[in-house]
Every structure is written in structure tokens, then in C-alpha cells.
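What follows is a short report on a single structure.
In what follows, chains carry the letters A, B, and so on, assigned in the order in which the sequence lines appear, proteins first and then strands, with residues in each chain numbered from 1.
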Number of protein chains: 2
Amino acid sequence: MAEGSVGGETLLFLTDEQLRKGIEAMFFAYRGFTADPDRILERMDYGRAHHRALHFIHRSPGTTVNNLLSILGVTKQSLNRVLRSLIDDGLVESRVGRKDRRERHLFLTEKGAELERELSDAQRARMRAAYRAAGPAAVQGFRTVLEAMMDPEMRRHYQSMKESGS
Amino acid sequence: MAEGSVGGETLLFLTDEQLRKGIEAMFFAYRGFTADPDRILERMDYGRAHHRALHFIHRSPGTTVNNLLSILGVTKQSLNRVLRSLIDDGLVESRVGRKDRRERHLFLTEKGAELERELSDAQRARMRAAYRAAGPAAVQGFRTVLEAMMDPEMRRHYQSMKESGS
DNA sequence: ATTTTATGTCAGCCTTGTTGACTTTCCAAG
DNA sequence: CTTGGAAAGTCAACAAGGCTGACATAAAAT
């Protein structure tokens, strides 16, 4: 396969062809990764941007707009458009900060939590199936490579909740 | 960690929390995955869609528009717009099919191959660094999980060139 | 009192998806 | 041979969701 042994250590032959396969794997897999939520979102009048907002508000209830901006890596105008519709539709609640009243703290309403659940159930189902099919060792490797692929700032966001639920 | 042993077999505890980490890993890693090519594309007046077209024409020289459509999963109108600019700019050559003159066979010109190389060099550099950091076993697992996550049709496209260069 | 920070909003632009309508080409059934 | 349908490509128009720039407001910090 793609490995060889030298002095007891296993090495990878990182040919361009090997790397190209990794690149295409990312491309095709990401399509699958978003496919199920996308189908649900289409029924409402929402898009992937709404899903991302719901996801991270769910993950960190009470997060501020600014914090969300740095996680999502978009402009405030872009996020605001999405947030506006979610708030107007009663899926997200925006509360003025008590300590710093310039800040807005974001929470899912019951209705928002419901949609978030539906979306992440669909996404988790696929992830669970892939994990089961691949096995525990593969899952470990999957997470390790993905983490190594992140930009440092994104890795911080990722790790900041690393083992919070395990 | 996230594993346990029962009768010599290792099992995964697929808690929602574990799965959520996988989901976020995909999200953050994909951002890193596209970041370097995106920076290059910005300098030209191209976007990610152009990169994808160049990539798959490079991979399969002479491919038809229809074949490209099924790989990329967009409408022909959407692809056509991108293809048009690449052809007009002299990066892609479109040859009328000899057997079926409705078909167009696509090839990279020297100029197109050059840009493709620059883009994939950048993307491969990050992939190579991640592979090196994670190690061979992790790489194997990475590819296995990603493949399990694909839609069946995409998996076919992926596997169709599986070991062509290894 | 002034400046900085956090947020929101308006306007306008670009990329890249979409659908619908149309042409050209090919092929096959009559 | 003709005709009708399927396949490939093109043009036009629209929408989502990125972007920048400008500006308003409120609150915190200096």
C-alpha cells in the first residue's frame, strides 16, 4: 500500500497522487456531509448559513455576536442578515448583556432548538454510519488529520470544547 | 478516551457529543482545506468553482461537459458560466467530439495547467503537512471515514481512479 | 469629554447556485 | 427519408450568501 518500513518506523510515501486522493476525498465527503441538512433546510426557506448559526448557538448558548463572527469567519453584515431572519422567525433570542450592555447574547428558543435538533440528527446519522463502517481506529485517525489541517485560529475554536462531553 | 474493550473488540461510544466533535472537525478543517487556493484565486478573478473545474479536467483530460456535471453536482448552466470564462481566458480548450459532435471534450491549455499546478501545490502542501503531523495510521483512517461519508454516486467517482497513481 | 468597542443597518457588488426557454445535433422509429 | 425526441450547450433572469463601505447608536474605557 502507501506505507513502508525503515528501522521499525512506518513512513508514508506522500506522492502527489496520494495527496490528490486525499483532496478529492475531502471534496466528495464534504458534499455528503452537508447533503442531509441541506435537504431539510430547503423545505424551510433557510440555507447552510442558518444551519451554522443554529449549530454554534446551540453549542455555546449565550455566545455573543462577536464570538460567533470569529468562529464562522464571515462579516457582521453577512451574519446579521442570517441572524435577523432567525430572530424574526422566533428561532433565536437576542438578549442585551447584563455586564456589558453593548453585547447581545444569543440563545435558541424552543422552536430554534427543535430545528437544530432535526438538522443535527440528520447530520449525526450519517457521521455515525461512517464511524461504524470505518471502525474506532479509523475515527481516531480521521479526527487527527482533520485537526492538523485546520488553521491555528480555527483549531483553537475546535479545541476549546474538546472533551467537554466525553 | 472514546473507546472501550469488550471481549477483545474495541468499541466506540458514539455519543452525540463525540459525533458533534466530528461534525465540527469537518467544518473547521474544510475551511483550512480551501483557504490556500482561495487566496490564490482571489488574485485572479476566479472562485472556487473555477478551481474545481480545473482540478477535474486535469484529472481526466478530454472529459465531457456532461461527465463533469455529474462529478461536480451542479447544473449545466452553472458549470457553463465557469467554463466559458476559463475558455475565453485561454485556460481550457473545448474540442467538439469526433464521434458525437454534440459533445465537448475539455483539456487544459499550458496556461491552464500552470494555474492548476499552482492551486494544487498550495492545497497539497497543507495536506502533506497534515499527513506528516498525523502519521500513516491516521491517514488511513482519515481516508476510510471520508469514503464512508460519501453518497454512493460520489463514492463511485472517487473510487473510479482509486489507486491509479500509487 | 473623548475615544474605542460592539452591534446594527443601508446600499451595492460578486460568485455561484437555481429555473426556464431556446438552438443545434444526433439518433431512431415510422 | 422524415420527423420527433433526447442530449448538449447557450442565454436570460433570479436568489442566497459572501463581500466592502458608510453611518448610527449605545456603552465602556481612557
[N], OP1 or OP2 - any side-chain N/O from [X] closer than 4.0 Å?
| X | N | answer |
| --- | --- | --- |
| A/Asn80 | C/dG8 | yes |
| B/Arg84 | D/dT10 | yes |
| B/Thr75 | C/dG17 | no |
| A/Asn66 | C/dT5 | no |
| B/His50 | C/dT16 | yes |
| A/Arg101 | D/dA26 | no |
| B/Arg52 | C/dG17 | yes |

- prompt: In this structure, which one of B/Leu86, B/Leu83, B/Asn67 forms a side-chain contact (heavy atoms from CB on, under 4.5 Å) with B/Leu106?
  reply: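 Passing option: B/Leu83.
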Look at the side chain of [X] and the base of [N], then say whether one donor and one acceptor between them are separated by less than 3.5 Å.
| X | N | result |
| --- | --- | --- |
| B/Gln77 | C/dG20 | yes |
| A/Arg102 | C/dT7 | no |
| B/Glu103 | D/dG9 | no |

field: Over 12 foreign heavy atoms within 6.0 Å of NE2, B/His58
entry: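 At most 12 heavy atoms, drawn from other residues, nucleotides or ligands, come within 6.0 Å of this atom.
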Taking [X] first and then [Y], would you say they form a salt bridge - that is, a charged N and a carboxylate O separated by under 4.0 Å?
| X | Y | result |
| --- | --- | --- |
| B/Glu42 | B/Arg39 | no |
| A/Arg117 | A/Glu110 | yes |
| A/Arg124 | B/Asp16 | yes |

What is the nucleic acid contact for [X], judged by heavy atoms within less than 4.0 Å: base, sugar-phosphate only, or nothing?
| X | answer |
| --- | --- |
| A/Thr64 | sugar-phosphate |
| B/Arg81 | base |
| A/Lys99 | sugar-phosphate |

For [X] and [N], what is the distance between atoms [atom1] and [atom2] respectively, to the nearest whole Å?
| X | N | atom1 | atom2 | answer |
| --- | --- | --- | --- | --- |
| A/Lys76 | D/dG17 | NZ | P | 20 Å |
| B/Asp38 | C/dC14 | CG | C1' | 14 Å |
| A/Leu106 | C/dG8 | CG | C1' | 13 Å |
| B/Glu42 | D/dC19 | CD | C1' | 10 Å |
| A/Leu69 | C/dT5 | CG | C1' | 13 Å |
| B/Arg48 | D/dC19 | CZ | P | 11 Å |
| A/His105 | D/dA27 | NE2 | P | 14 Å |

Nearest-neighbour nucleotide for the B/Arg104 side chain, D/dG9, C/dT7, C/dT16 considered: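 Nearest listed nucleotide: D/dG9.
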message: Checking B/Met26 against A/Tyr30 for the side chain to side chain contact (heavy atoms under 4.5 Å, CB included) test, could you report, in this order, the C-alpha distance in whole Å, the side-chain angles of both residues, the deciding distance, and whether it holds?
response: CA-CA 7 Å; B/Met26 277 297 280; A/Tyr30 199 79; 3.9 Å; yes
